[in-house]
Engineer: 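Below: one structure in structure tokens.
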Amino acid sequence: MTAPDTSGAPGAGRTAPTLDPALAARLKHDGAGLLTAVVQDASDLRVLMVGWMDDEALRRTLTTGRATYWSRSRGEYWRKGDTSGHVQFVRSVALDCDGDTLLVQVDQVGAACHRGTDTCFDGGDLDSVVLTEKERSL
């Protein structure tokens, strides 16, 4: 789908691609217009990171085969790996039952975390109670 570009940017007036309206209607964005994107390694199913997508980042992800996110801190789009070389090749994208979270399965090249670790959760374990089978019975 496309919509007229009225941004005033170079090339304004040309038609810019948009997200499919049927898909857009299913999405439930947060107050900032974003969706949570849980990123999972397609081969071993580890959760690699959590990112944020708006409709344009999702459209780019679905149509290019590379994961694109909205950076809340920088206020701009970033395609994973363009500066670090740690690319995410998209294998699948799923929308959860509430329409507010995406599951993006990727083939990860290099570290997923900006700190250089395999995942953004490496070293982040918190102490928590783990119930035994007996304690789990209701």
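One is the number of the first residue; the rest follow in order along the sequence. In this text, all values refer to a predicted model and were calculated from it rather than measured experimentally.
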Engineer: Is Leu62 reachable from Leu95 through a run of I, L, V, M, F, W or Y residues, each pair having side-chain heavy atoms under 4.5 Å apart?
Structural biologist: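 Yes, Leu95 connects to Leu62 through the hydrophobic network.
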
Engineer: Table please: side-chain donor-acceptor pairs of residues 123-134 below 3.5 Å, with sequence neighbours left out.
Structural biologist:
unit_1	atom_1	unit_2	atom_2	d
Thr132	OG1	Glu135	N	3.2
Thr132	OG1	Glu135	OE1	3.3

Engineer: Are Val90 and Leu103 connected in the hydrophobic side-chain network, where two residues link if heavy atoms are under 4.5 Å apart?
Structural biologist: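 No, Val90 and Leu103 fall in different hydrophobic clusters.
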
Engineer: Taking all heavy atoms of Arg74 and all of Ser71, pick out the closest pair and write down the distance.
Structural biologist: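 The pair with the smallest heavy-atom distance is N-OG, 3.0 Å.
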
Engineer: Side-chain contact test, heavy atoms from C-beta onward, threshold under 4.5 Å: evaluate it for Val106 versus Val39 and give yes or no.
Structural biologist: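 A side-chain contact under 4.5 Å exists here.
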
Engineer: Quick one: are Thr64 and Phe89 in side-chain contact, heavy atoms under 4.5 Å?
Structural biologist: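 No. Closest side-chain heavy atoms not under 4.5 Å.
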
Engineer: Evaluate the criterion side-chain contact (heavy atoms from CB on, under 4.5 Å) for residue pair Leu19 and Glu56; output intermediate values, then yes/no.
Structural biologist: CA-CA 7 Å; Leu19 194 61; Glu56 176 60 15; over 6 Å; no

Engineer: Any salt bridge linking Arg66 with Asp82? Criterion: basic side-chain nitrogen under 4.0 Å from a carboxylate oxygen.
Structural biologist: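 Answer for the salt bridge query: yes.
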
Engineer: Please identify which of these residues, Arg91, Arg46, Gln105, meets the side-chain hydrogen bond (donor to acceptor under 3.5 Å, both in side chains) condition with Gln40.
Structural biologist: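 Testing each of Arg91, Arg46, Gln105 against Gln40, the sole residue satisfying side-chain hydrogen bond (donor to acceptor under 3.5 Å, both in side chains) is Gln105.
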
Engineer: If the condition is side-chain contact (heavy atoms from CB on, under 4.5 Å), which residues does Thr63 pass it with, not counting sequence neighbours?
Structural biologist: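 Expected list: Arg59.
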
Engineer: From Asp20 CG over to Leu58 CG, what is the distance, rounded to the nearest 0.5 angstrom?
Structural biologist: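 Here the rounded value is 10.5 Å.
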
Engineer: Rounded to the nearest 0.5 Å, what separation is found between the CE atom of Met49 and the CG atom of Asp41?
Structural biologist: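 It comes to 13.0 Å.
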
Engineer: Given side chains that start at C-beta, do those of Val47 and Thr119 come closer than 4.5 Å, heavy atoms only?
Structural biologist: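 No, their side chains stay 4.5 Å or more apart.
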
Engineer: Can you tell me how far CG of Asp122 sits from SG of Cys113, rounded to the nearest 0.5 angstrom?
Structural biologist: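 Those atoms lie 7.5 Å apart.
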
Engineer: Check whether more than 12 heavy atoms from other residues, nucleotides or ligands sit under 6.0 Å from atom NE2 of His114, and answer yes or no.
Structural biologist: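 Open.
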
Engineer: Apply the test side-chain contact (heavy atoms from CB on, under 4.5 Å) to residues Val50 and Thr36: give CA-CA distance (whole Å), side-chain angles for both, the deciding distance (0.1 Å), then the verdict.
Structural biologist: CA-CA 7 Å; Val50 174; Thr36 304; 3.7 Å; yes

Engineer: Taking all atoms of both residues into account, what is the closest heavy-atom pair of Arg115 and Cys120, and its distance?
Structural biologist: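 The answer is NH2-O, 3.5 Å.
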
Engineer: May I ask you to decide whether Asp98 forms a salt bridge with Lys28, counting only side-chain N to carboxylate O separations under 4.0 Å?
Structural biologist: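 No, no charged N to carboxylate O under 4.0 Å.
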
Engineer: Judged by atom type as modelled, is there a donor-acceptor pair below 3.5 Å linking the side chain of His86 to the main-chain atoms of Ala112?
Structural biologist: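 Here the side-chain-to-backbone pair does not exist.
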
Engineer: Quick one: do Asp54 and Leu35 satisfy side-chain contact (heavy atoms from CB on, under 4.5 Å)? Show the steps, please.
Structural biologist: CA-CA 6 Å; Asp54 64 3; Leu35 301 164; over 6 Å; no

Engineer: About how many Å separate CG of Leu102 and OG1 of Thr61, when rounded to the nearest 0.5 Å?
Structural biologist: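 Going from OG1 on Thr61 over to CG on Leu102, the span is 8.5 Å.
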
Engineer: Can Gln88 and Val104 be said to form a side-chain contact (heavy atoms from CB on, under 4.5 Å), step by step?
Structural biologist: CA-CA 10 Å; Gln88 292 177 341; Val104 183; 6.0 Å; no

Engineer: Name all pairs fulfilling the ring-ring contact (aromatic ring centres under 6.0 Å, His included) condition that reach into residues 35-76, sequence neighbours left out, sorted by first residue then second.
Structural biologist: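 Residue pairs with at least one partner in residues 35-76: Tyr69-Trp78, Trp70-Tyr77.
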
